[in-house]
Protein chains: 2
Amino acid sequence: MATIYEVAALAGVSPATVSRVVNGQRVSEEKAALVRAAATELNFTPNRTARTLRRQNSEVIALVLPDIENPYFTSMARGVEDIARAAGYSVVLCNTDEDPVKEAKYLDIAISENMAGVILAPASDHTDLQHLIARGRPIVAVDRSTGFDIDGVMMNNRHGGISAAQTLVEAGYRRIACITGPKDIETAQERSVGWREVVTKAGMFDRPDEYLRYSTFRVDGGRSAMHELLALDNPPDAVVAANNLMGVGALQVLTEEGLTPPRFGVAVVGDLPFTTLSPASVSIVRLPVRHMGVTAARMLLERIDGDTQPARTVVLRNEIVPATAVGAPLV
Amino acid sequence: MATIYEVAALAGVSPATVSRVVNGQRVSEEKAALVRAAATELNFTPNRTARTLRRQNSEVIALVLPDIENPYFTSMARGVEDIARAAGYSVVLCNTDEDPVKEAKYLDIAISENMAGVILAPASDHTDLQHLIARGRPIVAVDRSTGFDIDGVMMNNRHGGISAAQTLVEAGYRRIACITGPKDIETAQERSVGWREVVTKAGMFDRPDEYLRYSTFRVDGGRSAMHELLALDNPPDAVVAANNLMGVGALQVLTEEGLTPPRFGVAVVGDLPFTTLSPASVSIVRLPVRHMGVTAARMLLERIDGDTQPARTVVLRNEIVPATAVGAPLV
DNA sequence: ATCGTTACAGAAATCGATTTCATGCACAAG
DNA sequence: CTTGTGCATGAAATCGATTTCTGTAACGAT
């Protein structure tokens, strides 16, 4: 690959002039033409490593996510990517597997690669952002909050849990259980809080938490929790799944047991993009996840452009899509 | 962030010595200890941009994929990532959206960032790899082949199409249609070729291609193609979907029309990770996609380590998982 | 005692761009 | 004619690491 020096030599100008042409600074049209010809001839592309080293700022933003196999996060990634690339940035996707150690490593890399900024869905509530903040790198938290005073884009998780449970109540289910994610993940907690409020207010259980299961935010997690719930002495007749993958797991178990909705009520917080369910047998709390990505990317770009206003947190609304084909509870 | 000069100053040695300690070269234990102490004190992390510029080689590999929202590719990405990070490399995921222009841009970036190598699932068969090859960057093609003499990891797509169609024949379906992807995508073509062989051999149709639909490799594509097929004068009683998303689309339409399998036979080339189908009502050709990622990453790492043997192409086997709950055709 | 070898470590060059600083030229104002 | 202003441009410094080159000291062999 040609360097700026070779282009300069061929064009008969100094490297500085080549740089100015490439970066759109004032250069006489005569020399600019020479440079452009030479650049085309040698097929010159500026070396980004050198540029980044000098400018102390690369045109790459890191998107650090707990699980890239989850359509929830890939959808968010699309939102981020569309905005970022329109602004000339590339996005590198980093998968933490909900592991704070991997996460820390990626954040270090983001610093030492001089990345322009970071969009982070924290793996836990202990994520340490000191280095990044000290280094002055813009960061936006998505999906989950951090203990730090940085921009964030969240959604109203408690409200999501309430909507999901409420729609099942309205459909006539009597014993609505809940399957949620790990205790140290904020979204898991809050969605179950919403569920608990509803079932408590409805006087549904003496001890609601017997019908609450914590598990992993994965299909397996939904499956095992659903099995446990069905094995209870007095099993539920409906369930709120706190994320998409758990919802899939729960539905798989129910299908296997012949308890397809609406015989057994199911409401899921999150979309199920790849299901083949009959239309609207399951209530869905649609999460504005692509839009979260878009918003986070916009906020990050503002910061990269030097915006120094105090940290903002944007909370997006979600929207319940109730099952239309609602039937009677089983028992 | 501390630089190597600051560490050197604090430790009372030269930057060269600090570099040697960091990179594990011979340094007296005495000075090494001083350097380590200083590095810890200042929380030193080498600037990767500077390192990459000097070494002409970054510890990043690019994984360029047509659709990161497809679980097929995210699963592949996981395979790549697991191997790469175990070898100390990070993986940047680039989404081309099946767009050769976006793809070309990412490949240019891979060069100008001095990335260690590229794993590419080409967006079309016109992908130009001249620059990359001229630059000597290792590349491995996955999923789809290129016109260039480079390493590749493929699977036997024709065989996948044959298996899918064959299992439906054996289940007793009489008019097996096929939904496949765009004509200029090799995997789409080959899978439909496999299907055509089977239905031709079975003497199923006078003109098989009336039961073949080309569409996009997406849920929408599967939906619209399925609608078209059902609207035929003499509609099919079964369908081979050439990828997972098309399979989902087809199944959605069938579910909506009350034609749930096994009333209507469905075989899909590719896994359906997030469905809630009753067990094994659909035949699946399991594709070794994670393993493709793993294999591609291993091959790439060998090349990065300087292996110069002639280009290899590895073809992985796939495996049919027939529907167990097979019923009679509708008509 | 001298020479050769090895180990260690610092000085300086290097990677390829950007950017500051300095220079020279042209043109306008005085 | 002189001075001032501004613009185009090149020379050189710079970003932060790695690596080559060079020098010195120590030690063993002759």
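Chain identifiers are assigned alphabetically (A, B, ...) following the order of the sequence lines, protein sequences preceding nucleic acid strands; residue numbering begins at 1 within each chain.
- As rounded to whole Å, 14 Å separates atom C1' of D:dA8 from atom CG of A:Leu34.
- Straight-line distance from the CG atom of A:Leu53 to the C1' atom of D:dT18: 12 Å, rounded to whole Å.
- The B:Gln25 side chain lies nearest to D:dT19 when the options are D:dT19, D:dT18, C:dA17.
- Looking at heavy-atom distances under 4.0 Å, B:Val13 makes contact with sugar-phosphate atoms alone, never a base.
- When each of A:Gln56 and A:Lys31 is assigned the nucleotide of DNA chain D with its nearest heavy atom, A:Lys31 is the one assigned upstream, toward the 5' end.
- Between A:Asn47 and C:dC15 there is no side-chain N or O to OP1 or OP2 distance below 4.0 Å.
- Using a 4.0 Å cut-off, some side-chain N or O of A:Ser19 falls inside it from OP1 or OP2 of C:dT18.
- With distances taken from any side-chain atom of A:Phe44 to the nucleotides D:dA8, C:dA17, C:dC8, the minimum falls on C:dA17.
- Sequence order on DNA chain C of the closest nucleotides to A:Ala2 and B:Gly12 puts B:Gly12 first from the 5' end.
- Rounding to whole angstrom units, CZ of residue B:Arg54 and C1' of D:dT14 are separated by 16 Å.
- Look at A:Thr17 and you'll find a side-chain N or O under 4.0 angstrom from OP1 or OP2 of D:dG10.
- Rounded to whole Å, atom P of D:dC15 lies 20 Å from atom CD1 of A:Ile111.
- B:Val22 comes within 4.0 angstrom of nothing in the nucleic acid, heavy atoms only.
- A donor-acceptor contact under 3.5 angstrom links the side chains of B:Ser145 and B:Glu186, judged on distance only.
- When rounded to the nearest whole Å, the span between CD1 of B:Ile4 and P of C:dG10 equals 12 Å.
- The base of D:dT18 does not come close enough to the side chain of B:Arg51 for any donor and acceptor atom to sit less than 3.5 Å apart.
- Distance from the side chain of B:Arg20 is smallest to D:dT20 among D:dT20, C:dC8, D:dA17.
- The base of C:dT18 lies outside donor-acceptor range of the side chain of A:Arg55, with no N or O pair under 3.5 Å.
- B:Asp184 contributes no side-chain N or O that, together with a main-chain N or O of B:Ser124, makes up a donor-acceptor pair within less than 3.5 Å.
- Positionally, the nearest nucleotide of DNA chain D for A:Ala32 lies more toward the 5' end than for the other of A:Tyr5 and A:Ala32.
- Across all strands shown, B:Arg48 has no heavy atoms under 4.0 Å from either base or sugar-phosphate atoms.
- The phosphate of C:dA7 (OP1 or OP2) has no side-chain N or O of B:Ser28 nearer than 4.0 angstrom.
- For the pair A:Ile139 and A:Leu107, the minimum side-chain heavy-atom distance is 4.5 Å or more.
- Remark: the B:Gln309 side chain and the B:Asp307 side chain contain an N/O donor-acceptor pair separated by less than 3.5 Å.
- Ranked by how close their nearest DNA chain C nucleotide is to the 5' end, A:Thr45 and B:Ala16 are led by B:Ala16.
- Annotation: side chain of B:Ile68 is not in contact with side chain of B:Cys94 (no heavy-atom distance under 4.5 Å).
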